[in-house]
Amino acid sequence: MKLLEYEAKEVFRGFGIPVPRGKVAESAEEAIRVAEMIGGQVVIKAQVPVGGRGKAGGILLAETPERAGEAAARLLASEVRGIKVRRVLVEERLKIEKELYLGLTVDRRYGTYVILASSEGGVDIEEVASRTPEKIIKQYVDPIDGFRPHHARWIAKRLGFSGGLMMRLSEIAMRLYDLGVEVDAEITEINPLALVGEDLVAADARLNIDDNALFRHGDLLQRYGGGELEGLSEVEREARRLGLTYVELDGNIGIIGNGAGLTMATLDTVTLYGGRPGNFLDLGGGTPPERVEQAVTFLLNDKRIRVLLVNILGGITRCDEIARGIVNARLKAGVIKPMVIRLSGTNEEEGIRILREAGVEVMGTMEEAAERSVILAGGR
Ligand code: GDP
Ligand code: MN
């Protein structure tokens, strides 16, 4: 799960990492109010889940609240790197003397977290990494020992810091590590970590949380995840809300499968017979009838979809439960669309019987089902 900058900064603040004063805004008026509250010069930053916003014109400076409103209006009417801007972050403008880089990511080869740090932070960090890799310091963290204060001070020293600044930098590195471990971050990054007088401030923030660990972060899931929603259509947003594994495509045949591989194969087969899939929707394994009902209802309500093709291979998934889910959705949705079902595996006979009794077409193979759905959708 990707957090937007303002969300990541809220998490940073909770872990004691210094961030600039500021607030998110969804309109020019709101941006003006935030700028007035902050007072003085501000930066207005497009909240889109991609890096390189600075270079793409997504970061603007403003001298007055009025100018902040204009800048916000401009950003909110634009796209940054192909993503429509729905929110901006209005922050106090920092007098940055130097830009550092500090990041934490997982090194799959060693199976550990690794801290990355550089005194050459800022918008060109990728270039620094490829041209002068020696300017990026890497510190692997032993997961048993953890990341200790002396490790952190060693990083700060190698970046050329001493005294109070060394202590502040190592403190921030420790907190970033604690944060990363606590929220199961895949990556978390401060770029730039801005030197402002004797202070270090996280001028930018990135935080991606491991999706496979989200089950233990219900609180974060409730509050955040703005970065996931940006760039999605309304239908995709709704699918996210329902927790469906769904991707919108531009055709008119709705597709439901179980398992990503089978669902992809179903898309391919429909395409082979000259049809156009309208989506990818993977039910996963062991799906209860309610979940199937939800998925079928979702596609029945999608106006772009003319025919539904459901392709299930029952292993831990039981075909009779799938059939019940499909029939319930048909009864309740109040929308009639042709459906073609292919069920194979555990409790297949029972599943097919339930569907046929309800008047739903069942085909024996994926090819037959795909071909039939293409004909029902109006042919090639
Ligand atoms: P990114 O381009 O998406 O990584 O967005 P950043 O938030 O990192 O901003 C890009 C650049 O804008 C930074 O590296 C800074 O040089 C500059 N910038 C961002 N905030 C401020 C600020 O408050 N004051 C100043 N002077 N520059 C800023
Ligand atoms: Mn940045």
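Here the structure is a predicted model, which is why all the values come from computation and not from measurement. When a residue number appears, it is its place in the shown sequence, counting from 1. In each ligand, atom 1 is the first atom listed, and ligand 1 is the first ligand listed.
- Side chains of Gln41 and Arg93: a donor on one and an acceptor on the other come within 3.5 Å.
- The proximity of Asn191 to ligand 1, defined as any non-hydrogen pair under 4.0 Å, is limited to the backbone.
- Neither the backbone nor the side chain of Glu91 comes within 4.0 Å of ligand 1, counting heavy atoms alone.
- When the Mn ion (ligand 2) is compared with the N/O/S atoms of Asp204, atom OD2 turns out nearest.
- A salt bridge is defined here as a Lys NZ or Arg NE, NH1 or NH2 lying under 4.0 Å from an Asp or Glu carboxylate O, and Glu230 with Arg86 meets this definition.
- Side chains of Tyr246 and Glu238: no donor on one and acceptor on the other come within 3.5 Å.
- Using a 4.0 Å cut-off between heavy atoms, Lys95 makes no contact with ligand 1 at all.
- Nearest protein neighbour of atom 10 (C) of ligand 1, counting heavy atoms only, is Val123 CG1, 3.6 Å.
- For atom 28 (C) of ligand 1, the closest heavy atom belonging to the protein is Ile96 CD1, 3.7 Å.
- Taking the six-membered ring for Trp and thresholds of 30 and 60 degrees, Phe147 and Tyr177 have ring planes inclined between 30 and 60 degrees apart.
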For this session: May I have the step-by-step check of side chain to side chain donor-acceptor pair (under 3.5 Å) for Glu367 and Tyr273, ending in yes or no?
Result: CA-CA 8 Å; Glu367 288 75 10; Tyr273 282 99; over 6 Å; no

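- Remark: minimum distance from atom 5 (O) of ligand 1 to any protein heavy atom is reached at Arg53 NH2, 3.2 Å.
- Of the protein's non-hydrogen atoms, Val43 CG1, 4.1 Å is the one closest to atom 20 (N) of ligand 1.
- Of all protein heavy atoms, the one lying nearest to atom 12 (O) of ligand 1 is Ile59 CG2, 4.2 Å.
- Of all the atoms in ligand 1, the ones that sit under 4.0 Å from a non-hydrogen atom of Arg93 are 23 (O), 24 (N).
- Looking at Leu94 against ligand 1, both its backbone and its side chain come within 4.0 Å, counting heavy atoms.
- Taking a cutoff of 4.0 Å between a charged side-chain nitrogen and a carboxylate oxygen, Arg324 and Glu350 qualify as a salt bridge.
- Of all protein heavy atoms, the one lying nearest to atom 6 (P) of ligand 1 is Asp204 OD2, 3.5 Å.
- Looking only at heavy atoms of the protein, atom 15 (C) of ligand 1 is closest to Glu99 OE2, 3.0 Å.
- Using a cutoff of 4.0 Å between basic side-chain nitrogens and carboxylate oxygens, Arg131 and Asp124 are not scored as salt-bridged.
- The side-chain contact (heavy atoms from CB on, under 4.5 Å) with Leu267 is formed by just one residue from the set Ile255, Val247, Asn311; it is Ile255.
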